[in-house]
Structures are given as C-alpha cells and as structure tokens.
Amino acid sequence: MLTQRYTGKTVLVAARERMSFLFDEFEHIIVSISGGKDSTALAHLALVEANRRRRKIGLYFLDEEVTYQSSADQVERLMSMFPENITKIWLQIEFNLTNSTSLSEGQLICWESGKHKLWMRPKKEWTIHHAPWDTETQTVRNKSKGFGFYDAIENFERCYHGAAFLVGLRAAGESPNRWRAVTKNPVNVNGKTVYWGTKKGDNFALYPLYDWNFHDVWRYIHDEGIPYSKIYDMQFKKGYPITEMRVSSLIHERAFKSIVDLPEFEPKTYNRLQKRIQGIALAQESGKSGKLFACRKLPKNFTSWITYRDFLLDTHLDHERKHIFVNRFARQLNNEYVARQQCRQLILNDYENNLSVDSSPDPRDELIRYYDEVL
Amino acid sequence: MVRYVDTIDQFYSAKSDIEPIYINSRTHGKVLVPCVNTLLVRPSLIVANTYNPNSVSDDKMSLLQQSILDNGFAFPIVAIWDDDQCKFVIVDGFHRSVIGGPDWLDFDYVPVAILNHTMAQRLAATVQFNKARGVHAVDLDADVIRALIGQGMTEEEITEKLGIDLDTVHRYKQLTGIAELFKNADYSLSWEMKDD
C-alpha cells in the first residue's frame with residue numbers, strides 16, 4: 001500500500017538531496033519559471049547545485065505577454081543570477097490565450113505579429129522570438145481553439161529527449177486532488193522509483209519542492225537573500241492573506257480578481273492592458289463583488305438563473321462561440337443549479353470549458369422532497 | 001461678492017444676477033466654470049438625489065470631516081435647482097453635505113455650485129464625478145507615509161490625518177517586505193511516498 005511517511009529531515013535538506021540526485025541522473029535539466037515565489041526558490045536551489053558541479057541548466061519562461069511587469073522583471077533577475085550556469089530560454093512567441101474579461105474578444109494572440117505597438121512590453125533582444133520547433137508539424141490539442149498555451153509547452157518539451165523539467169509544484173497546502181494526480185503514476189528514473197514526478201513523452205516532469213509549505217519557500221528566499229516579485233510585498237501591504245498571494249496571469253478564467261488591484265500595484269501595466277484587450281475596465285470595477293463575475297448572486301432584474309442564462313445566450317455577441325455554448329448546454333440538465341454554473345461560463349466567456357459544469361440534479365430539490373415527505 | 005441664500009426667494013433674486021463665467025480651451029473652445037458662482041446656502045434647502053450609486057465607508061467619512069477641518073470646504077457641493085421641489089438637488093458632493101449636516105459639523109451654510117442640467121445630464125454628471133478619479137499606487141502611498149514619519153509626524157497623527165488604521169501604518173512602515181516575516185519560521189519536516 002502506498003503511504004506517506006516522514007523522513008526525519010527538513011524539507012530543505014531533502015530538497016537538496018533530490019537536487020543532487022537529479023544532477024546525478026540527468027544530463028539535461030530545465031527549470032520552468034514564472035516569476036512566482038515557488039519557481040524562484042526552485043531555480044535558486046537548482047542553480048546552487050549547478051554552480052557547485054560547474055554545470056549548465058536551462059531556465060525556461062513561456063512568456064504570456066499579459067503579465068505583471070514585476071513578473072518579467074523577476075524572470076530577468078533570475079536569469080542573470082548565475083550567468084555561467086544558465087542557458088536562458090525565454091520564449092516570446094505567438095499563441096492563443098483565453099480572454100475571460102471580454103465577450104466580443106474571446107481570444108488574445110499574445111505577441112501577435114504586426115501588433116508590436118500594442119504589446120504589453122517590447123520583446124527583448126536576447127529572447128526567443130520564433131518557435132524553436134517545426135511549426136508545420138506542431139501538434140494542436142484542439143484545432144477549433146487554435147495553438148494555445150499548453151500546445152506551446154508540449155511542443156517545446158518535445159524539442160528535448162530524456163531531459164528533466166523541474167516544476168515548482170507543491171502538494172502541501174494545495175488541494176489533495178492536485179497531489180493525487182501527481183503521485184498516481186510514479187516514474188522510473190534509471191531503475192529508481194520516483195513518486196514526485198511524471199513521464200512526459202520522452203522527458204520527465206519533476207517536483208522537488210512537493211513537500212514544501214509556503215513558509216518554507218519564504219524562509220529559503222529570505223535566508224538566501226534571493227530577490228522576489230514586488231507584487232508579493234504589495235499584496236501584503238494591501239492585507240491579502242498569506243496563502244492567497246499569487247502572481248498569476250492577468251486574463252485567464254480565474255485571474256480577473258488580480259485585475260481589481262492592478263491600478264494600485266502597477267498603474268502603467270493597467271494602462272497598457274486597457275489598450276491591449278477589451279473588457280478590462282469592467283473587470284477592474286466589478287471583479288471582487290460576487291454579482292457579476294463570480295455569479296454568486298442573481299442580478300436583481302432576473303427571477304431565475306435559467307432566465308438569466310437564456311438572456312445571456314440570446315444577447316451573446318459572438319455567433320461562433322454562442323454555438324459552442326448552445327450545443328454544450330443542450331447536453332446538460334436544465335435546472336437552477338446547472339443554470340447558475342452555465343451563467344458563470346457565459347460571463348467568463350469560458351467556451352473552452354475550463355470551469356466545467358456539474359450537470360446533476362439540483363441538491364435543493366432533494367431537500368424539498370425530503371421535507372415534503374416528513375411534514 | 002459672496003451670495004448667501006437663506007430662502008427660496010433669495011435664490012430666485014440671486015439667480016438673475018449670476019453671470020456665467022467661461023474659460024477657453026485651446027482644443028475644445030469655451031468651457032463653463034460654475035464654481036466661480038458658488039453660493040452659500042442653508043443646508044435645509046438641499047436634498048439628496050435618489051440615484052447616486054456611490055457609497056463611502058465610515059472611516060472615509062471621518063477622513064472627509066478631517067479634510068474639511070484641515071483644508072477648509074474647498075470643493076463646493078454641485079447641485080441643480082429643482083423648481084418642483086423648490087430645493088437644490090445634489091449632483092455631486094452628497095457626502096460633503098452629510099458632513100456639513102447635523103450629525104457631523106452642523107454648518108450654518110454650505111457652498112453650492114449650480115448646474116443647469118436635464119435629468120439625463122445629471123445622471124451622467126454624477127457618474128462622471130464619482131468615477132473620474134485616481135487611485136493611490138500602493139508603493140507610493142507607503143512612500144508618503146514613510147516621508148511623513150521622517151518629517152516627525154507620529155503614527156497616531158497619521159491615523160488621524162490620513163484616515164488609515166494603525167495596522168496599515170505598520171504594514172506601510174515595513175521597508176523589509178514579506179520574506180522578512182518568515183526569517184524565524186522553522187522548516188517543515190520532509191515526507192515521502194512509500195510502497196509497502
């Protein structure tokens with residue numbers, strides 16, 4: 001039986017041992033970084049080991065363009081930390097992103113050619129400007145949505161064989177589901193079973209910080225004097241709970257909350273963003289209230305979620321996407337419980353079905369039936 | 001010349017004397033300046049509008065009172081004259097009028113600038129006044145507080161003058177940042193998955 005066991009070491013000692021193991025077993029090591037705290041700590045741990053062994057590792061950043069300026073700054077700082085031990089892999093290439101803040105402009109093509117005047121930031125001279133793989137034969141998960149974020153990751157990883165991609169994923173404090181997904185299929189690394197990784201095609205994704213808590217990450221960053229994204233200090237000053245501090249993308253389905261405080265955190269980024277994509281002002285003003293984007297409360301001029309959903313569908317601005325929603329909803333149950341979730345998909349323009357709808361009977365009906373019988 | 005308005009009749013006679021004042025914009029031509037013709041009006045002649053969606057929290061109301069005491073009543077209440085009600089109806093400055101009212105400073109007169117607007121124009125004006133304003137960049141706000149402390153202002157004075165609580169002052173004072181908070185945290189114990 002698979003059980004979880006304490007080792008008697010601290011997470012820092014254990015992570016250094018894991019790092020040493022990875023450098024013993026793998027010739028190619030690439031660390032995925034985002035500008036966030038977890039990947040910052042991970043990159044530093046890996047670089048210290050690389051420096052000790054006089055080896056070179058890749059620092060890899062897939063740049064979504066629509067990010068905090070502080071994230072780009074942080075990536076740049078990380079990439080200049082141990083110059084002799086780093087291969088810089090900063091991708092600024094075209095791919096599609098979902099824009100959940102706008103109904104008329106459902107997709108953003110980041111780094112779209114010909115739009116360089118609108119880009120959130122200019123491309124850097126030394127970053128990678130064109131896909132380093134054969135775009136004629138590149139794979140696309142879903143043709144109707146086009147080449148997206150995950151396609152970019154997959155095609156990039158396929159450029160390598162037998163490489164270790166290190167990711168700052170942590171199980172501690174995160175959802176158990178997330179961790180179960182990670183440990184489900186242990187990988188075999190040269191005869192050794194490793195529970196903190198998955199096989200990805202020819203390569204491996206590995207999570208050396210899987211047992212770290214957020215306070216371990218901050219302690220490490222403090223002790224080593226590593227620079228980190230300014231956004232965390234601003235979120236702290238604004239009184240965010242420590243566990244809710246995130247330096248995420250600015251426009252995907254769950255990111256509209258981060259736009260609320262953007263004018264206070266990075267006024268220049270906010271101004272650029274307004275020019276770059278539609279729907280930002282509304283997201284900024286209403287993002288935190290449960291009424292519009294979270295769909296927790298029915299707007300006062302509607303009497304049911306079903307009528308609100310039908311209204312949203314009838315008035316949908318994008319005919320192609322409307323079709324996707326109509327077809328999808330036709331396969332789902334028609335009750336208030338389901339309709340509320342469908343409203344959320346419509347409001348967030350989630351035609352990709354990332355916030356999936358639980359199509360089951362309204363739990364309140366069961367309760368009403370129960371009381372009907374009892375009373 | 002300062003015009004006082006105690007009664008409706010006084011307003012009607014003052015109205016005919018008021019001469020609109022304009023300034024010239026290089027890009028948009030003549031622009032009206034109602035604040036030059038501000039009247040000092042009895043608060044009993046002023047009523048709120050029924051549509052203003054703006055809300056101000058209690059701590060910001062205290063700050064508004066403090067601002068009026070420290071800086072004077074520098075921004076007149078903006079209103080239209082409603083012939084049906086025989087009252088000034090507020091377009092902007094509802095919360096200033098509340099501060100001037102009996103629950104707070106209880107003024108004898110408050111300054112009112114008068115617009116000549118239709119209902120649609122009033123609705124639009126209220127939204128324009130409410131929304132066309134800035135927010136404070138968090139790190140600059142913190143800089144201002146550190147500068148005030150450098151000028152010798154105490155934390156208590158800052159909470160009173162700027163309308164922010166002590167906790168916020170402490171956060172802003174922290175030059176060190178979030179990582180510093182965890183310097184004494186113990187590392188967690190490591191665990192692993194075992195198949196047995």
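In what follows, every chain begins at residue 1, and chains take the letters A, B, ... in the order their sequences are listed.
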Ser190(B) versus Arg18(A): any side-chain heavy-atom pair under 4.5 Å?
yes

Approximate separation, where rounding is to 0.5 Å, of His215(A) NE2 and Asn184(B) CG
13.0 Å

Does Lys192(A), at its NZ atom, have more than 12 non-hydrogen atoms belonging to other residues, nucleotides or ligands within less than 6.0 Å?
yes

More than 12 heavy atoms from other groups under 6.0 Å of NZ on Lys199(A)
yes

Around Phe21(A), counting heavy atoms of other residues, nucleotides and ligands shown, do more than 12 lie under 6.0 Å from its CZ?
yes

Above 12 or not: heavy atoms from other molecules or residues under 6.0 Å from OH of Tyr12(B)?
yes

Going from CG on Asp186(B) to CG on Asp216(A), what distance comes out if it is rounded to the nearest 0.5 angstrom?
9.5 Å

How far apart are the closest heavy atoms of Asp211(A) and Trp191(B), and which atoms are they?
OD2-N, 3.3 Å

Less than 4.5 Å to any heavy atom of chain B: does that hold for the side chain of Pro263(A), its backbone, both, or neither?
both

Note: Tyr228(A) and Ala179(B) closest approach over all heavy atoms is OH-N, 3.4 Å

So, do Asp223(A) and Phe182(B) sit near enough that their side-chain heavy atoms are less than 4.5 Å apart?
no

Among Tyr210(A), Tyr195(A), Tyr6(A), which one satisfies side-chain contact (heavy atoms from CB on, under 4.5 Å) with Glu192(B)?
Tyr210(A)

Heavy-atom distance under 4.5 Å to chain B: side chain of Lys230(A), backbone, both or neither?
side chain

Atom CG of Asn190(A) with >12 non-hydrogen neighbours under 6.0 angstrom
yes

